[in-house]
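Structure first, commentary second.
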Amino acid sequence: MRDDFFLGFERNKCAGTRNYVAILPSVVCANEVARIIEERVDGTRAFLHHQGCIQMGRDLEQTFRSLLGFGLNPNCHSVLVIGLGCEAIDAEKLANEIAKSGKPVDLIKIQDMGGTLRSVDKGIKIAREFVEIASQQHRKQIPVSELTIGVKCGASDTTSGIASNPATGVAADMIIERGGRVIFGETTEVIGAEHVLARRALTSDVAERLYKAVERIEMEGKKMGVDLRGSQPTPGNIKGGLSSIEEKSLGAIRKAGTSPLVSVIEYAGRPNDKGLIFMDSPGREVEVVSGFMASGAQVIVFSTGLGAPFGLPVVPVIKVTGNPKTAKFRQDDIDLDVSNIINGEETIENAGKRIYDEIIAVASGKLVKSEILGYRFVDIWRIGPTL
């Protein structure tokens, strides 16, 4: 087995592939202050989201867990939490929990500061000081075993299940063989293929947790009067030639490779195990990859047939397609073309090796196209009602 490395930033017990100062609103009402600070201070990234208040129970806990995970992500050097002052999320507790990681952390509450302008002025000063400290850190050789990769497929078509997904699976296996961690999710897109995945579960408990996650999401569908099993995929998937959710699921799970399934975690949970991890999560792109970011993913591989332009604030998203038309027509968004698999000019194994090499290059600092274009979406999966 190769002893591979990437060039990353050393953190306390982990490593980053990027070195940003995070501007983290605890609630949607603090977004504008965070956005203005990001615009004024180079080297910062704002996590603009829509949650943080008028939530309760598990829903509020999930939002807190997600925000905490964003702050703890290894790609954040330091964190400035922006609170409003009356929101449901305890901004002070959030800042204190992030600070336990050893990162520099500070907190501003807009109501305590006397409004937007004073908060912005104070935030710019703090963010600027954090960036100065972060800029003194340099990349070092770090073993691949320190990498956590999120893998996701979306805007899928018939090429996804036979080209870009299995090639991504080869790369996922290579990360795991070298001691790293791979997270995949999309519980809705396991329906019809859960028995295939369950056979790879390391223990009966892991298999049972997978079955329960699928059962729960099906029940959620039935509450809305929809039987997800046997239903058709999204309009985009139908346009792409997929006939059923079972067909979509059997193609989707191929992006997770062939390694044993070692653990099933909740949305935005922090995995303890290395190897292949399943996150109970929705299928919608931005919500699930935001969950991967909260769980510590430093790089994400996105396999797509039709193409989808999005990116995260601090985690690079590598877009891979097996559709030659998408690779050519949507080249502004696609990072890697593996469509030669379709015409028989490249093996899945060789394409997977190219994806693995791209992961190492991006982890070492190469920018992906969504970063260059400035895409910085965040969306936290909400499971409760809007009150």
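Below, each value reflects all heavy atoms present in this structure, side chains not excepted, and no hydrogens, waters or symmetry copies. Everything numeric in this text was worked out from a predicted model, so none of it was measured.
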Problem - Atom CZ of Arg270: over 12 foreign heavy atoms under 6.0 Å - result: yes
Handout entry: Asp280 vs Arg216 side-chain heavy atoms within contact, under 4.5 Å
Key = yes
Practice task
Verify the neighbour count for atom NE2 of His195: are there more than 12 heavy atoms of other residues, nucleotides or ligands below 6.0 Å?
Solution key: yes
Problem - Asn96, CG: over 12 other non-hydrogen atoms inside 6.0 angstrom - result: yes
Problem - More than 12 heavy atoms from other groups under 6.0 Å of NZ on Lys274 - result: yes
Problem - Distance-only side-chain donor-acceptor flag, Asp333 / Tyr375, under 3.5 Å - result: no
Practice task
Would you kindly say whether Glu87 and Ser26 are connected by a side-chain donor-acceptor distance under 3.5 Å?
Solution key: yes
Exercise for the section: Could you pull out the closest heavy-atom pair between Tyr356 and Ala171, with the gap in Å? Expected result: N-CB, 3.8 Å
Problem - Joint hydrophobic cluster, Ile359 plus Ile348, side-chain heavy atoms closer than 4.5 Å - result: yes
Practice task
Treat each ILVMFWY residue as a node, draw an edge where side-chain heavy atoms are under 4.5 Å apart, and state whether Leu72 and Ile23 are in one component.
Solution key: no
Exercise for the section: May I ask you to say whether Lys125 pairs ionically with Glu129, meaning some side-chain N is under 4.0 Å from a carboxylate O? Expected result: yes
Problem - Over 12 foreign heavy atoms within 6.0 Å of CG, Leu60 - result: yes
Practice task
Output every pair passing salt bridge (charged side-chain N to carboxylate O under 4.0 Å, His left out) with a member in residues 290-308, not counting sequence neighbours, ordered by first then second residue.
Solution key: none
Exercise for the section: Mark yes when over 12 heavy atoms from residues, nucleotides or ligands other than Glu92 sit less than 6.0 Å from its CD; otherwise mark no. Expected result: no
Problem - Exercise: do Asn75 and Arg11 side chains pair donor with acceptor under 3.5 Å - result: no
Exercise for the section: State, with a plain yes or no, whether a side-chain heavy atom of Thr187 is found less than 4.5 Å away from one of Val214. Expected result: yes
Handout entry: Any donor-acceptor N/O pair, Arg209 side chain to Val264 backbone, under 3.5 Å
Key = yes
Exercise for the section: Look at atom CG of Leu117 and say whether more than 12 heavy atoms of other residues, nucleotides or ligands are closer to it than 6.0 Å. Expected result: no
Exercise for the section: Side-chain contact test, heavy atoms from C-beta onward, threshold under 4.5 Å: evaluate it for Gln298 versus Leu147 and give yes or no. Expected result: yes
Handout entry: Salt bridge flag under 4.0 Å for residues Glu220 and Lys223
Key = yes
Practice task
Check Glu10 against Gln137 and note the closest heavy-atom contact, atom names and distance.
Solution key: O-NE2, 2.6 Å
Fill in the blank from the handout: Taking every heavy atom of Pro166 against every heavy atom of Gly161, the minimum-distance pair comes out as CD-O, 3.5 Å
Exercise for the section: Find out if a path of hydrophobic residues (ILVMFWY) with successive side-chain heavy-atom gaps under 4.5 Å connects Leu48 to Val27. Expected result: no
Handout entry: Atom CG of Asn343: over 12 foreign heavy atoms under 6.0 Å
Key = yes
Problem - Side chain to side chain, Val378 and Pro313, heavy atoms closer than 4.5 Å - result: yes
Practice task
List the steps, then state whether salt bridge (Lys or Arg N to Asp or Glu O under 4.0 Å) holds for Arg58 with Glu61.
Solution key: CA-CA 5 Å; Arg58 286 197 307 116; Glu61 292 170 9; over 6 Å; no
Handout entry: Geometric class of the Phe310/Phe302 ring pair [parallel <30°, tilted 30-60°, perpendicular >60°]
Key = perpendicular
Exercise for the section: May I ask you to say whether Asp357 pairs ionically with Lys353, meaning some side-chain N is under 4.0 Å from a carboxylate O? Expected result: yes
Exercise for the section: Check whether any side-chain heavy atom of Arg382 sits under 4.5 Å from a side-chain heavy atom of Asp59, and report yes or no. Expected result: yes
Exercise for the section: May I ask you to test the Glu38-Thr44 pair for a side-chain heavy-atom distance under 4.5 Å? Expected result: yes
Exercise for the section: Would you check if Ile380 and Phe70 make a side-chain contact, meaning some heavy-atom pair closer than 4.5 Å? Expected result: yes
Practice task
Would you sort out whether Glu97 and Lys93 count as a salt bridge (Lys or Arg N to Asp or Glu O under 4.0 Å), showing the intermediate values?
Solution key: CA-CA 6 Å; Glu97 289 295 318; Lys93 179 182 177 183; over 6 Å; no
Exercise for the section: Examine the side chains of Thr159 and Asp157 and answer whether a donor and an acceptor come within less than 3.5 Å of each other. Expected result: yes
Problem - Side chain proximity check, Ser164 to Lys255, heavy atoms < 4.5 angstrom - result: no
Exercise for the section: Verify the distance criterion only: is there a donor paired with an acceptor across the side chains of Asp337 and Ser339 at less than 3.5 Å? Expected result: yes
Exercise for the section: Please name the pair of heavy atoms, one in Val288 and one in Ser281, separated by the smallest distance, quoted to 0.1 Å. Expected result: CG2-OG, 3.4 Å
